[in-house]
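I have placed the structure first, in the form of structure tokens, so that the comments after it can refer back to it.
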Amino acid sequence: MKLSTKLIHAGAEPDPSTGAIMTPIYQTSTYVQSAPGKNKGFEYARSQNPTRKALEEALAVIENGKYGLAFSSGVAATDAVIKLLNPGDEVIAGNDMYGGTYRLFTKIFEKYGIRFHYVNMQDTENIRPLINDKTRLIWTETPTNPLINITDIAGTASLIKGKNIMLCVDNTFASPYLQNPLDLGADIVLHSSTKYLGGHSDVIQGALVMNDAALREQLYFIQKSCGAVPGPMDCFLVLRGIKTLHVRMERHCENGRKIAHWLRKHPKLGHVYWCGFEDHPGYHVAKSQMRDFGGMLSFTLKDDSIETALKLLSSTKIFALAESLGGVESLINHPASMTHASIPKEERIKNGLSDSLIRLSVGIEDADDLIEDLQAALG
Ligand SMILES: Cc1ncc(COP(=O)(O)O)c(C=O)c1O
């Protein structure tokens, strides 16, 4: 099946009790057993829920994986992956990533004895010297949040081939429409399903997809033991979102392209970060591992001050000033004070995340209206 067909039909079987074409929202905490241990495969809803099961099957199909697991947020999915590790284990992570992931690593897991190394992953050769016999996990976002850097997934996977090291790719920015990391050698794909999978800014959720049965068992054990499971209504919303991922993503990409090129010509702008520019350092890798370049982009202002950035951020009328991304409506964000505020300023500036950096999640409105909105706000 081609991707568009898979997105609509993945995990969708008519409901066995009524034939309902849409998976019902099984709003139940438990299931009646005919005798102790005799049940229909569902015992208690933290462990199993039919709406979640349909979603988890869909997640696996659309990421070309064997197993999907849904979590109550993207951060909860990240948390589950790190809980695979033991004190003393080491992780090599990209130096540009969602601030909440960085916070989880530094403020929660470091104190349990897990060591994190941060490195610029635009060149895979930067990763090699950090690999040692304690390394258990390589963590990368591609494209990254918010600087739209690209990691070569296949190149990174080849560095650890045959070693007891996993590669986890946060595929939130690309979505499965643009990129399938398991096909390129990743062991685990992570999504903040809150974003493109849900697509309508109405749900918080996370996902993991993998091929290895033993890894699935370990992650399922963490999911049910730690309990960060999504409710059935939220699973229904993500299942519904997935059905239109391809048509939304096509428009996100088209609008993203138009806006990136327009921004680049604007006299008040400094640098525009978008991986579809031929002179982007990761362009060739992006072109080979992604199907298009997406609707996420960032830019700096020539006047690199927080004040000028804040003025612009509060002047747009269609772009809403808000955290999050990947919904049908366009959002504007100031990483330094919003999504990435948990990264210390020094660390942030060192890695290229400047005070005036502004991130856009380009929605699926009319591109001309979006450009007009930015033009008016930039003055
Ligand atoms: C790239 C990326 N990964 C993970 C997360 C965390 O997801 P959630 O907010 O669903 O917990 C986010 C949130 O913005 C994100 O942008």
Side-chain angles (χ1 to χ4, degrees), residues 55 59 63 69-83 91 93-109 118 121 137 139-151 153 168-176 178-179 181 186 188-209 223 226-231 234-235 237-238 241-242 252 273 275 290 294-298 320-327 331-343 348 351 353 357-362:
L55 171 62
L59 291 167
E63 272 296 8
L69 291 169
F71 290 83
S72 55
S73 67
V75 162
T78 305
D79 176 82
V81 174
I82 307 302
K83 283 175 177 158
V91 179
N95 66 353
D96 181 38
M97 61 161 85
Y98 169 55
T101 307
Y102 180 82
R103 180 175 57 197
L104 181 66
F105 290 176
T106 52
K107 296 282 194 295
I108 305 288
F109 282 109
Y118 301 96
M121 289 194 172
L137 177 67
W139 184 278
T140 190
E141 278 178 21
T142 183
T144 58
N145 181 1
L147 290 171
I148 324 292
N149 291 325
I150 300 295
T151 306
I153 300 172
C168 180
V169 176
D170 181 336
N171 203 25
T172 300
F173 265 37
S175 91
L178 295 180
Q179 175 173 276
I188 306 174
V189 179
L190 178 137
H191 283 280
S192 166
S193 318
T194 312
K195 313 294 166 19
Y196 287 109
L197 293 183
H200 296 77
S201 309
D202 51 11
V203 65
I204 294 283
Q205 204 174 116
L208 298 177
V209 183
Q223 183 200 42
C226 299
V229 289
D234 287 356
C235 292
L237 287 172
V238 175
I242 286 173
H252 283 297
Y273 300 85
C275 59
M290 295 169 70
M296 291 303 300
L297 52 94
S298 298
L321 176 60
E323 304 210 2
S324 202
L325 60 107
L331 300 182
I332 190 164
N333 170 281
H334 184 230
S337 67
M338 296 166 77
T339 45
H340 293 68
S342 52
I343 302 177
R348 181 165 65 65
N351 295 329
L353 203 167
L357 188 86
I358 289 174
R359 192 191 75 186
L360 298 182
S361 170
V362 178

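Just so you know, ligand 1 is whichever comes first in the structure, and atom 1 is the first atom listed for that ligand. One is the number of the first residue; the rest follow in order along the sequence. Not measured: the values here are computed from a predicted model.
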Could you give the distance from CG (Leu297) to CZ (Phe173), rounded to the nearest 0.5 Å? 10.0 Å
Tell me, please, which residues at least two apart from Lys195 pass salt bridge (charged side-chain N to carboxylate O under 4.0 Å, His left out). none
For ligand 1, protein residues within the heavy-atom limit of under 4.0 Å are Ser73, Gly74, Val75, Tyr98, Glu141, Asn145, Asp170, Thr172, Ser192, Thr194, Lys195, Gln205, Leu325
Rounded at 0.5 Å granularity, tell me how far CG in Asn149 sits from CG in Asn351. 9.5 Å
Describe, in one word, how the ring planes of Tyr196 and His252 are oriented to each other, choosing from parallel (under 30°), tilted (30 to 60°) and perpendicular (over 60°). perpendicular
d(Arg348 CZ, Ile343 CD1) to nearest 0.5 Å is 8.5 Å
Of Thr144, Thr140, Thr142, which is the lone residue that meets side chain to side chain contact (heavy atoms under 4.5 Å, CB included) with Ile150? Thr142
